[in-house]
Amino acid sequence: MNKIYSLKGKKIWVSGHTGMVGSALIKKLESIKYDVLTIERKKLDLRIQSDVDFWINKNSPDIIFHIAGKVGGILENSNKPADFISENLQMQNNVINSAFKFGVKRLIFLGSACIYPISNKPIKEHELLLGELEPTNRSYSIAKIAGIEMCRAFSKQFGVNYTSVQPNNLYGPNDNFTDDSAHVISSLLRKLHFAKIKNLENCTIWGTGKPKREFLFVDDLVDALIMISEYYDSIEPINVGSGEEIRIKDLAYLIKEIVKYNGKLIFDESYPDGVMRKFLDSSKITNLGWKSRIKLEQGLKRTYNWYKKNSS
Ligand code: GFB
């Protein structure tokens, strides 16, 4: 397969480089000696267009991986929809507009699987906008959909190559392990680890445990992002799913076993389940030659080891 773009020798800006995806992408790019640009949030607020203009004009990246965003789990999305839609729209609009203004030819925009309509079947990219969104993260999804459409529109109108990538539920080292704003895997690792240390009788899992999720380890996504940037020559969105799904209840018991917590799991149905299934058809990316390498149990053990080493 021929490269449509080569990262080698290019100035690569990864926005959001301190987060789980950004930090894993930086680690990989630096390990293969690529030229990576980063800027701390306190030095560049992506919500301010003039500052983004100034920084991109001054540093002239050749390619941008726009990874920065306000992200969170089901409860955070349900409770703070205005934060999710306004901050993500502001950041992505500023980065995409400034990228074009200052001649950046290639941009990879990190979307999310939650942009798709509720579906019980494997979801293909063309199903975007063909149905109702999951209410718990509607605002976040619509912000991401706007970013996806901006990439398509700029590519179509101006001939740049801006592509959006839709990963499914992500997890791994350097995820958010702080509190209930986080996604399910980091939350359960934190809660079950705490329950074990404190020898608690039981630990609360949110919802019925019936929903299924397809989880993708962050290093697998990083490989996909690099492959897409060099080989995917289309303005249409592309899915990245591991192909491995699990019921939340089985995930909770698997994490209980990995953490070696001997208490009881209580499923509290006063918390939202979200969609009952969110499984991607990832044939576009697998046809490019990518496949998920890190199985869920192995990824969970690696993430838990990281958490134990890095949690205070
Ligand atoms: O990962 P999560 O917060 O988000 O929740 P979504 C996944 C499932 O895990 C839900 C259950 O059914 C939750 O009820 N769950 C059980 C828990 N215990 C917990 C817990 O302690 N914490 C959390 N967070 N969940 C995400 C979006 O939706 O999908 C993201 O919030 C992103 O923005 C991602 O789009 C792809 O999977 O429901």
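Source: prediction; values computed, not measured. FYI, the numbering just counts along the sequence from 1. Indexing begins at 1, ligand by ligand and atom by atom, following the structure's order.
- When all heavy atoms of Y304 and K196 are compared, the pair lying nearest together is OH-NZ, 3.8 Å.
- The contact set between ligand 1 and Y140, taken as ligand atoms under 4.0 Å from a residue heavy atom, comprises 33 (O), 35 (O).
- Here the straight-line distance linking atom CG of N77 with atom CZ of R138 works out to 12.5 Å at 0.5 Å rounding.
- Every atom of ligand 1 with a heavy atom of N77 under 4.0 Å away is listed here by number and element: 31 (O), 33 (O).
- Atom 1 (O) of ligand 1 has V184 N, 3.0 Å as its closest protein atom, hydrogens excluded (heavy atom only).
- For the residue pair S283 / N287, no side-chain donor-acceptor distance below 3.5 Å is found, with atom types taken as modelled.
- Ligand 1 lies within reach of G72, whose nearest heavy atom is under 4.0 Å from it.
- In terms of protein heavy-atom proximity, atom 35 (O) of ligand 1 is closest to S112 OG, 2.8 Å.
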Exercise for review: Starting from the C-alpha separation in whole Å, work towards a yes-or-no answer on salt bridge (Lys or Arg N to Asp or Glu O under 4.0 Å) for E149 and R152.
Suggested key: CA-CA 5 Å; E149 188 55 23; R152 284 185 77 262; 3.3 Å; yes

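- The nearest protein atom to atom 4 (O) of ligand 1, hydrogens excluded, is given as I74 N, 3.8 Å; this is a heavy-atom distance.
- Here is the list of ligand 1 atoms found below 4.0 Å of a heavy atom in N137: 26 (C), 27 (C), 28 (O), 31 (O).
- Y232 and P237 make their closest contact through OH-O, 3.5 Å (heavy atoms, listed as atom of the first residue, atom of the second, distance).
- Side-chain atoms of D268 and T204 include no donor-acceptor pair closer than 3.5 Å.
- Here's the thing with A182: one of its N/O atoms is less than 3.5 angstrom from an N/O atom of ligand 1.
- Below 4.0 Å from some heavy atom of S187 lie the following atoms of ligand 1, by number and element: 20 (C), 21 (O), 22 (N).
- Near L188, the atoms of ligand 1 lying under 4.0 angstrom from a non-hydrogen atom of the residue are 18 (N), 21 (O).
- Remark: side-chain polar atoms of R106 are paired, donor with acceptor, to backbone N or O of N161 under 3.5 angstrom.
- The atoms of ligand 1 that sit less than 4.0 Å from any heavy atom of C114 are 35 (O).
- The shortest contact between atom 10 (C) of ligand 1 and any protein heavy atom is with D273 O, 3.2 Å.
- Seen from the ring of F109, K144 counts as a face-on cation partner, given the 6.0 Å and 45° thresholds.
- One option in P272, P211, G207 has a heavy atom closer to atom 13 (C) of ligand 1 than any other, and that option is P272.
- Q166 is not listed as a side-chain neighbour of S282, based on a closest heavy-atom distance of 4.5 Å or more.
- The closest protein non-hydrogen atom to atom 18 (N) of ligand 1 is W206 N, 3.0 Å.
- Ranked by closest heavy atom to atom 7 (C) of ligand 1, the top entry among R247, E134, R213 is R213.
- Comment: R190 engages D180 in a salt bridge, judged by a side-chain N to carboxylate O separation of less than 4.0 angstrom.
- Close contacts between ligand 1 and K191 involve ligand atoms 20 (C), 21 (O) [criterion: under 4.0 Å to a heavy atom].
- The protein heavy atom nearest to atom 26 (C) of ligand 1 is K278 NZ, 3.6 Å.
- In this structure, D53 pairs ionically with K101, as a charged nitrogen and a carboxylate oxygen lie closer than 4.0 Å.
- Distances from atom 37 (O) of ligand 1 to the heavy atoms of N169, V275, L251 show the closest one on N169.
- We find that R277 and E245 are joined by a salt bridge, their nearest charged nitrogen and carboxylate oxygen being less than 4.0 Å apart.
- For D219 and R293, the salt-bridge test fails: no basic side-chain N is under 4.0 Å from an acidic carboxylate O.
- Nearest protein heavy-atom contact of atom 30 (C) of ligand 1 is H183 NE2, 3.3 Å.
- Looking at ligand 1, you won't find any N or O of I248 less than 3.5 Å from one of its N or O atoms.
- Listed by number with element, the atoms of ligand 1 under 4.0 Å from a non-hydrogen atom of G73 are 3 (O), 31 (O).
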